[in-house]
Amino acid sequence: MRRKNRFLYLDRHKILVGILCLLVLCVWAQHRPNPPKIKHLAKTSVKDDPQKKVYLEFAETLDFDEKLNPDYQILRGNVRFRKEGMYMFCDSAYFYEASNSLDAFGNVRMEQGDTLFVYSDVMFYDGVTQIARLRENVRMENQDMVLFTDSLNYDLVPNIGYFFEGGKLVDSENELTSIYGQYSPDTKRAVFNYDVQLVNPEYTLYSDTLEYSTVTKIADILGTSVIVSDSNIIYSRRGWYDTQNNTSMLLDRSIVVSKSQQLTGDTIYYDRDRGFGEVFGNMFMNDTLRKVIMEGQYGFYNEKTEYSFATDSARVLEYSGIDTLYLHADTLKGFTLPDSTRMLQAYYGTRFFRNDMQGVCDSMNYFTRDSAIYMYKDPIVWSDNYQIFGDTIKVFMNDSTVDWAHIPHFAFAAQQKDSLFFDQLAGKDLKAYFKGGQLDKVDVSGNVQTIFYPQERDSSYTGLNRAESSFLTMFLKDQKMDKLIMWPEVQGSLTPVPMIKRDQLFLPDYQWFEDYRPKDSADIFRKIVKQVTDMPKKKRRFSNQ
């Protein structure tokens with residue numbers, strides 16, 4: 001009887017506990033918060049935009065186990081999917097129909113029309129982001145372009161494929177490689193970053209940022225780049241290079257180096273086939289072999305013919321010796337002669353400066369063959385306190401210093417003694433010889449006229465010595481006349497200083513052009529307006545004698 005009551009008691013206890021549990025569950029159900037609404041992106045996006053949906057078109061076998069693999073179907077044998085105009089093929093796949101995604105394995109291929117083909121060993125397609133991740137032996141073909149990589153993400157929304165672990169793009173003209181890159185089948189443009197190389201049969205372009213069109217074959221330079229070929233090296237940070245036509249526009253002070261020449265400018269148009277570089281703004285052409293620099297706001301250089309041209313603030317610097325020659329003219333030209341020597345032409349307003357010599361003329365030629373300078377049309381040369389002018393002046397250099405000068409047909413030389421007195425000589429032909437950069441000897445022939453002011457030991461003047469003859473030789477020491485020889489017949493007179501009249505001070509063709517003289521290397525750009533009264537008379541008074 002007791003055992004029966006005990007069991008009855010236990011049954012009642014279990015019933016009571018069960019009732020209490022039900023009451024607790026009811027209370028919790030009434031007061032628990034509402035669960036968050038889960039937004040199924042794939043289903044919603046597919047429903048709202050059917051174009052995003054991936055359709056299974058064919059598979060030899062399909063396996064689906066709702067208990068073991070409720071999320072995907074297993075497809076085998078010639079599997080084919082379609083998304084809008086894109087077809088995807090593989091040997092086998094997992095198809096996640098609910099999320100509009102798939103994993104493809106073996107002989108993966110994507111096709112769009114008859115122009116775009118993508119191949120890989122494996123592909124993971126995300127239906128939400130519409131990005132296909134292709135891995136291992138990836139190859140994208142678009143007309144004549146082929147992109148090779150092991151990791152390619154192909155974003156179907158903007159229709160762009162990009163690699164990030166190294167890739168190579170090959171077309172009919174070039175082969176490009178980089179660590180990161182992307183390609184758009186729509187625009188046929190590619191972007192490359194980090195360790196970029198563009199390999200062409202004629203050159204190799206190294207860069208850190210480059211854009212390239214597989215249609216135009218033009219590479220846009222967007223970062224520090226070097227283009228290396230057998231004929232030259234190009235350094236640029238910005239510009240474009242047409243790899244099909246071998247032309248380029250180089251910006252931001254780019255540099256073209258060929259042989260011993262270095263061409264720099266704000267903007268350079270370069271034609272590789274012609275070897276022609278045209279500069280717009282701040283041209284700088286340095287010939288390191290010949291030690292010559294040519295500058296100008298506009299110019300060009302042909303690396304095949306070695307022809308150079310500069311104008312607009314044009315300047316040449318010759319720095320082969322200790323003293324640099326600075327020369328300015330409206331137009332400068334440099335070219336190679338048949339004997340392989342160089343010639344420099346300067347014309348219209350030529351002015352030059354060196355510490356030991358300065359000069360002006362209308363036009364000038366410089367020949368490297370004999371280091372000769374030919375000055376034409378109103379040429380004037382100064383050395384220390386000496387001035388010479390004539391119809392034509394020829395200056396011959398030796399080891400970058402003045403060796404001797406020749407003035408044929410008509411010559412006039414003057415030395416300033418003080419503010420009033422000037423030693424002067426004139427004749428048909430004058431040769432001046434220099435030693436150590438200073439005037440050492442002067443030979444004059446033909447209708448010689450002179451005015452000299454002899455001096456005592458205390459430097460006082462004894463008078464004005466005027467003489468005429470057929471020939472003259474003058475020797476100088478410390479830039480002063482040391483000895484004078486005139487022959488065969490000499491006609492002359494000596495006028496004491498107190499008796500000198502003003503009209504006796506100068507020979508008929510005397511002019512002193514100190515205002516024209518370049519004072520320093522910057523003064524060569526100073527514009528000089530010549531007056532008719534400032535020009536030498538050059539009457540050729542003795543031409544009939």
Could you report the tightest heavy-atom contact between [X] and [Y], atom names first, then the distance?
{"X": "Pro518", "Y": "Trp382", "value": "CD-CZ3, 4.0 Å"}
{"X": "Asp171", "Y": "Thr214", "value": "OD2-CA, 4.1 Å"}
{"X": "Ser178", "Y": "Asn193", "value": "CB-O, 3.5 Å"}
{"X": "His328", "Y": "Ala314", "value": "ND1-O, 2.6 Å"}
{"X": "Pro408", "Y": "Asp429", "value": "CA-OD2, 3.7 Å"}
{"X": "Lys217", "Y": "Thr243", "value": "O-OG1, 2.6 Å"}

Under 3.5 Å side-chain donor-acceptor pair for [X] and [Y]:
{"X": "Glu303", "Y": "Tyr270", "result": "yes"}
{"X": "Arg290", "Y": "Thr368", "result": "no"}
{"X": "Gln455", "Y": "Lys417", "result": "yes"}
{"X": "Asp144", "Y": "Ser172", "result": "yes"}

Salt bridge check, [Y] against [X]: does any charged N sit closer than 4.0 Å to a carboxylate O?
{"X": "Lys480", "Y": "Asp423", "answer": "no"}
{"X": "Arg189", "Y": "Glu211", "answer": "yes"}
{"X": "Arg237", "Y": "Asp252", "answer": "no"}

Report task. Pick out which of Phe300, Tyr301, Phe335, Phe276 makes a ring-ring contact (aromatic ring centres under 6.0 Å, His included) with Phe309. Result -> Phe300
With a 4.5 Å heavy-atom cut-off, do [X] and [Y] have their side chains touching?
{"X": "Val191", "Y": "Tyr162", "value": "no"}
{"X": "Tyr366", "Y": "Leu327", "value": "no"}
{"X": "Lys168", "Y": "Leu176", "value": "no"}
{"X": "Tyr241", "Y": "Asn246", "value": "yes"}
{"X": "Ile234", "Y": "Ile255", "value": "no"}

Requested in this report: Begin with the C-alpha distance, continue with both residues' side-chain angles, and end with the deciding distance and a verdict on side chain to side chain donor-acceptor pair (under 3.5 Å) for Asp443 and Thr473.
Outcome: CA-CA 5 Å; Asp443 288 332; Thr473 297; 2.9 Å; yes
Roughly how far, to the nearest 0.5 Å, is [atom2] of [Y] from [atom1] of [X]?
{"X": "Leu198", "Y": "Asn174", "atom1": "CG", "atom2": "CG", "answer": "4.5 Å"}
{"X": "Arg517", "Y": "Asp523", "atom1": "CZ", "atom2": "CG", "answer": "11.0 Å"}
{"X": "Tyr461", "Y": "Asp418", "atom1": "OH", "atom2": "CG", "answer": "4.0 Å"}
{"X": "Asp384", "Y": "Leu439", "atom1": "CG", "atom2": "CG", "answer": "9.5 Å"}
{"X": "Gln182", "Y": "Phe192", "atom1": "CD", "atom2": "CZ", "answer": "9.5 Å"}
{"X": "Ser521", "Y": "Arg315", "atom1": "OG", "atom2": "CZ", "answer": "7.0 Å"}

Query raised in the report: Using 30° and 60° as the class limits, which term best fits the ring planes of Phe422 and Trp512: parallel, tilted or perpendicular?
Result: tilted
Requested in this report: Please work out whether the ring planes of Trp487 and Phe471 are parallel, tilted or perpendicular, with thresholds of 30° and 60°.
Outcome: parallel
Query raised in the report: In a check of side chain to side chain donor-acceptor pair (under 3.5 Å) between Ser260 and each of Asp287, Asn286, Thr288, which one passes?
Result: Asp287
Looking at [X] and [Y], would you say the former's side chain and the latter's main chain have a donor-acceptor pair under 3.5 Å?
{"X": "Arg253", "Y": "Asn282", "result": "yes"}
{"X": "Gln424", "Y": "Leu505", "result": "yes"}
{"X": "Lys377", "Y": "Tyr348", "result": "no"}
{"X": "Ser248", "Y": "Leu250", "result": "no"}
{"X": "Asp323", "Y": "Asn355", "result": "yes"}

More than 12 heavy atoms of other groups within 6.0 Å of [X] [atom1]:
{"X": "Gln491", "atom1": "CD", "value": "no"}
{"X": "Asp458", "atom1": "CG", "value": "yes"}
{"X": "Asp370", "atom1": "CG", "value": "yes"}
{"X": "Phe475", "atom1": "CZ", "value": "yes"}
{"X": "Tyr194", "atom1": "OH", "value": "no"}

Report task. Determine whether the aromatic ring centres of Phe352 and Tyr326 lie less than 6.0 Å apart. Result -> no
**Report entry** Pair Tyr347 + Tyr376: ring centers closer than 6.0 Å
**Finding:** no
Report summary line: Here the salt bridge (charged side-chain N to carboxylate O under 4.0 Å, His left out) pairs for residues 335-344, sequence neighbours left out, are Asp339-Arg369
